[in-house]
Asks: 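Here you go, one structure.
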Amino acid sequence: MSIPERVITIIAEQAMLEPSDVTLDSTLEDLGVDSLGLVEAIFAIEEAFDITVPFNANEPSAGDFDISTVGAIATGIQRLVAEQS
Amino acid sequence: MKRVVITGAGTINALGKDVDTTLEAMREGRCGIGELEFRDVDRLAIRIGGQVKDYDPDTAFSRQQLALYDRFTQFTLIAARQAVAQSGLEFTEALSLRAGVILGNSGGGMTTLDENYRSVYEDGKNRVHPFVVPKLMNNAAASHVSMAWGLRGPSFTVSTACASSNHAMAQAFQMVHGGLCPVMLTGGSESMLCFGGVKAWEGLRVMSKDGCRPFSANRNGMVQGEGAGVFVFEEYEHARARGADMLAEVVGYAMSSDASDIVMPSKEGAARTISGALRDARLNPEDVGYINAHGTGTAANDKTECAAVADVFGRHADKLMISSTKSMHGHLIGGTGAVELLACIMALRDKIIAPTINYDEPDPECALDVVPNEAREAHVEVALSNAFAFGGLNAVLALRRAG
């Protein structure tokens with residue numbers, strides 16, 4: 001499974017949806033993932049890829065980790081996996 | 001001042017997963033204490049407890065809920081569901097604004113702490129699940145109960161070790177008695193039966209390796225239990241107007257502190273609290289037919305408690321019945337007073353006195369009618385529930401037959 005596919009699977013589980021219902025254009029808001037759900041999804045991503053995601057729930061939009069869409073998150077994860085492997 | 005009645009009760013503990021099965025076990029003098037089952041139990045010197053067995057959280061909660069609910073919160077919600085259902089209450093907008101939740105708890109999410117400490121210390125992991133804090137905080141159970149029914153009145157958790165539930169219920173009583181809230185959910189819960197929880201208790205050397213035998217001359221310590229008890233405390237007129245079934249009336253309480261020792265109980269403190277509860281409830285000592293004892297099964301507690309009862313009740317001490325149901329369900333620490341209140345309700349409502357089981361040998365220092373080994377039928381008008389905590393914090397509740 002590619003990194004975007006794995007990210008979609010993790011976020012879908014968090015949103016209690018089928019992976020087929022989640023696209024790269026979906027926003028977390030579209031999927032009904034609240035702030036607590038986002039923190040849990042980031043934990044699951046960190047565990048799955050063995051990386052550290054620079055995300056502070058106090059300022060979700062700060063830093064260069066973009067969470068505006070599922071695709072943006074997947075791109076960020078791809079970069080982190082490359083940097084941290 | 002408003003009268004306060006109990007209109008709903010719920011529980012899960014080693015004796016049963018609801019009130020009926022728990023009371024049936026108490027009537028039959030059944031023991032819920034057995035071999036502990038959890039990881040690393042072979043590294044413990046103490047391997048028995050009143051553990052809730054054959055319990056599958058997935059049948060009661062969703063995966064999302066379980067991500068946020070420690071075992072003590074799960075137990076609390078299960079008991080609260082039963083209590084609210086029995087009460088038949090409907091939390092309207094107006095009522096939910098004035099109804100709250102006060103629960104006792106001592107250890108918080110001990111299993112959550114244990115699992116996550118193990119993960120970072122033993123397994124060397126550097127990342128923990130994001131919900132560790134909201135799961136382990138002592139007020140998690142009270143908060144989740146408030147959310148489950150949208151109760152927006154005063155809610156908090158009381159932590160006074162073994163007296164937590166009695167302090168919580170005394171506080172809830174006050175809220176209703178004083179007219180602040182027409183309805184309060186109250187009681188308490190505990191779940192410390194995990195490796196770290198029992199290991200910590202082992203250190204104090206007050207635990208029994210072979211059984212809980214309160215008041216018996218061969219007693220050799222306490223046995224820990226787990227679970228929850230939750231009650232609906234309701235203003236009498238509010239309950240009467242809707243035709244609610246009243247399980248018992250709460251007529252008074254007292255709270256006090258020994259201010260003397262962090263672990264040793266005090267006869268003077270216990271006696272002052274029992275007599276304080278009688279005074280608060282405007283009762284004469286002769287009115288009391290049954291006392292649910294703190295009765296931990298330690299050498300120190302049981303003789304001190306019996307001496308305090310003898311002091312307060314004088315000659316009547318030989319006529320009343322006093323039993324410790326901890327012999328059956330174990331010591332639920334912060335949740336114990338809540339589960340034990342069920343024995344008081346059974347005495348008042350069903351006219352059955354729960355026994356002190358495992359009673360083998362009389363102890364001259366505990367020379368009261370401890371209802372040894374077999375339940376007894378008796379008409380009781382007033383019952384007391386004692387709780388005397390580590391740290392010398394005491395709380396005694398007084399209940400009267402409803403109607």
Asks: Determine whether more than 12 heavy atoms belonging to other residues, nucleotides or ligands lie under 6.0 Å from atom CG of B/Asn126.
Replies: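 Counting other residues, nucleotides and ligands, CG of B/Asn126 stays at 12 neighbours or fewer.
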
Asks: In terms of heavy-atom pairs under 4.5 Å, which option from A/Met16, A/Gln14, A/Glu46 contacts chain B the most?
Replies: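 Result: the option with the highest number of such pairs is A/Glu46.
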
Asks: Sequence neighbours left out, what passes side-chain hydrogen bond (donor to acceptor under 3.5 Å, both in side chains) with B/Ser191? Give chain and number order.
Replies: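 Once residues adjacent in sequence are excluded, the partners of B/Ser191 under the side-chain hydrogen bond (donor to acceptor under 3.5 Å, both in side chains) criterion are B/Glu226.
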
Asks: Chain A contacts: which residues in residues 53-74 of chain B have a non-hydrogen atom closer than 4.5 Å to it?
Replies: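 The list, in residue order, reads B/Arg63, B/Gln64, B/Ala67, B/Leu68.
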
Asks: Tell me the residues of residues 17-40 of chain A whose non-hydrogen atoms fall below 4.5 Å from those of chain B, in number order.
Replies: A/Leu36, A/Val39, A/Glu40

Asks: Under the ring pair (Phe, Tyr, Trp, His ring centres under 6.0 Å) definition, can you give me all pairs with a residue in residues 101-140 of chain B, not counting sequence neighbours?
Replies: A/Phe43-B/His129, B/Tyr117-B/Tyr121, B/His129-B/Phe131

Asks: Using modelled atom types only, decide if a donor and an acceptor are shared between the side chain of B/Arg127 and the backbone of A/Asp50 within a distance under 3.5 Å.
Replies: no

